[in-house]
Novice: 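Dumping the structure here so I can ask a few things about it.
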Amino acid sequence: MTDEKIPYRFERTASTAAVRAAHPDLAPGAETGDIVSVAGRLMLRREAGRITFGELRDSDGRIQLFAGATWTDDYERFKDLDLGDWIGATGEVVATRTGELSVEVRHWQLLAKARRSFGDKWRGISDVDLRYRQRYADLWANEASRDVLLLRSRMISLTRRCLERRGFVEVETPLLHTLPGGALARPFATHHNALDMDLYLRIAIELHLKRLVVGGIEKVFEIGRVFRNEGLSPRHNPEFTMLEAYQAYADYTDMMELVEQLVAHLATELCGTTKLTYAGRELDLAPPWTRATMFELVARHAGVAVDLTTPVEELRRLVADHAIPVDESWGPGKLILELYEKTTEPELWGPVFVLDYPKEVSPLARDHRTVPGLVERFEAIVAGRELANAFSELNDPDEQRRTFEAQARAKAAGDEEAMAVDEDYLRALEYGLPPTGGIGIGMDRLAMLLSGVETIRDVILFPTLRPER
RNA sequence: GCGCCUCUAGCUCAACGGCAGAGCAACGGACUCUUAAUCCGCAGGUUCUGGGUUCGAAUCCCAGGGGGCGCACCA
């Protein structure tokens, strides 16, 4: 059905919120003489013979439309409007006898017809498949979905402002990489026809941003999509949004301060407090967050004191005791990490900074300044989840080449997530990377935390799904 | 990839081996102050798909598909 009467534009003079703000306390039956034009979607309609009430919603809120046979143009057609139709309406701002602020509709225009029904006007849409596939219907029908969208938008905006205030410069670096690097993950592969070469969707932003620090951009960040070819879960989507920030002359302790300040700031701005409840448990994001080394935490939660001098056979036995299949190639660092992930990480609620990871599992982090075999790295655990990962960045090109080569050997031995040697990145390091602290924050998980939802699909507008049918 | 759960009208849900139903939306009608308006009427179905068991299947069984959760992988 095409309607030749649908206009190309509509001269709106006020949003519903503006009308409300201009007339805060009208007495029942009041007439204001204020003529406004409002526009939006018809949410509800109550017909009572020769008068009809409608509820119009725009992006600011809602307002009642008051139409009547004696004063509304084309009243019979107004009565026939369907819920979901977009209309523009012009008339005087009044209060009805019961005191409801209304626009007394004199003229109105259909702006778009809703040919499909949006579902139950009271219960909305709860079928999760329908909500994710037809997000447009979900957003119309479910206020909670709109709230999450708006919170996420404000969160990203506040994050940018917070970093800019600290002097960080926002950049955009390639999503198409010739070598996937900067994280341990399987990439999506694609192909460039003109150059006849394989390309990979980036799995991290890291290596490009550190190149920029080499180039003299002392504080740099990017908020962007990264892609990992992995399974889906309530906490994983194949494409997700990462914040990465790098700061010259800083180390991982500076990054801890940055994370806790940023997250506490966002909570205060978006939730009004740092004391949140998530998944029924309390969480206080006020700095400073607890700091504890991985080995301390393993000792506490696994009940066994281990470190890199613990005999490998003993570590293997401990790991095997927790029903983890042991790979022959694992050294003590990887074994302790496995033990930590199985026994300790699930017990952590946070916020807590888990400090000082084995070098074996951290090829881009700099050696710990006092403990051999460890690197200066932390993960921030918040609400039982890994929210951030950060290091004092490895800036010695020779040492970086050695860790890359160890990764390349693991890759050759069949580890699909291991890194390759990135010669251009090594060349950049040879120009000199100053001492640098770097941080990566999963913004989707942060949005989940701040909006209180428990599945990542609720904070991603169009999550990855199988095709229909 | 494996395990468990789930799929009924546009939406939200009943019926759980015995005639497929309700509310909302839609459609027709009544009503000049409603607030999820109300009231009267009417219509709406490949019960996800395909097999099977049975006198009889939405219901039980098998296979496939979509979705959810868990495991594994990861942030």
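Values in this document were obtained by computation on a predicted structure and should not be read as measured data.
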Novice: Side chains of residues 282-291 of chain A: which donor-acceptor partners sit under 3.5 Å, not counting sequence neighbours?
Specialist:
residue, atom, partner, partner atom, Å
A/Asp284, OD1, A/Thr274, OG1, 2.9
A/Asp284, OD1, A/Ala286, N, 2.9
A/Asp284, OD2, A/Lys275, NZ, 3.0
A/Trp289, NE1, A/Leu285, O, 2.7
A/Arg291, NH1, A/Glu260, OE1, 3.3
A/Arg291, NH1, A/Trp289, O, 2.8
A/Arg291, NH2, A/Glu260, OE2, 3.3

Novice: Between residues 148-158 of chain A and RNA chain B, which residues have a heavy-atom gap below 4.0 Å?
Specialist: none

Novice: Going by the rule side chain to side chain donor-acceptor pair (under 3.5 Å), which residues pair with A/Ser15 if we only count those two or more places apart in sequence or in a different chain?
Specialist: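 With sequence neighbours excluded, A/Ser15 shows a side chain to side chain donor-acceptor pair (under 3.5 Å) to A/Asp60, given in chain and number order.
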
Novice: Just jot down the side chain to side chain contact (heavy atoms under 4.5 Å, CB included) partners of A/His265, sequence neighbours excluded, or say none.
Specialist: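 With neighbours one apart ignored, the set is A/Leu158, A/Cys162, A/Arg165, A/Glu269.
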
Novice: Between the protein and nucleotides 4-9 of chain B, list every N/O to N/O distance that falls short of 3.5 Å.
Specialist:
none

Novice: Do any pairs count as a ring-ring contact (aromatic ring centres under 6.0 Å, His included) and have a residue in residues 327-352 of chain A, sequence neighbours left out, and if so which ones?
Specialist: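 Sorted result for residues 327-352 of chain A: empty, none.
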
Novice: For Watson-Crick and G-U wobble pairs within 3.5 Å on both distances, what is RNA chain B written in dot-bracket notation, | included for inter-strand pairing?
Specialist: (((((((..((((....[..))))..((((.......))))......(((((..]....))))))))))))....

Novice: Run the side-chain donor-acceptor check on residues 441-450 of chain A: report pairs under 3.5 Å with partners two or more places apart or on a different chain.
Specialist:
residue, atom, partner, partner atom, Å
A/Asp444, OD1, A/Arg152, NH1, 3.0
A/Asp444, OD1, A/Arg152, NH2, 3.1
A/Asp444, OD2, A/Thr241, N, 2.7
A/Arg445, NE, A/Arg235, O, 3.4
A/Arg445, NH1, A/Glu386, O, 3.1
A/Arg445, NH2, A/Arg235, O, 3.1
A/Arg445, NH2, A/His236, NE2, 3.4

Novice: Could you give all pairs that pass the ring-ring contact (aromatic ring centres under 6.0 Å, His included) test and reach residues 90-116 of chain A, with sequence neighbours left out?
Specialist: A/Phe78-A/Trp108

Novice: Applying salt bridge (charged side-chain N to carboxylate O under 4.0 Å, His left out), can you list everything that pairs with A/Asp73, at least two apart in sequence or on another chain?
Specialist: none

Novice: Taking atom P in both B/C27 and B/C4, what distance in whole Å separates the two?
Specialist: 46 Å

Novice: One character per nucleotide, please: for nucleotides 20-30 of chain B, 5' to 3', B when the base has a protein heavy atom closer than 4.0 Å, S when only the sugar-phosphate does, - otherwise.
Specialist: ---BSSSS---

Novice: Below 4.0 angstrom, which residues in residues 129-136 of chain A have at least one non-hydrogen atom near RNA chain B?
Specialist: A/Asp129, A/Leu130, A/Arg133

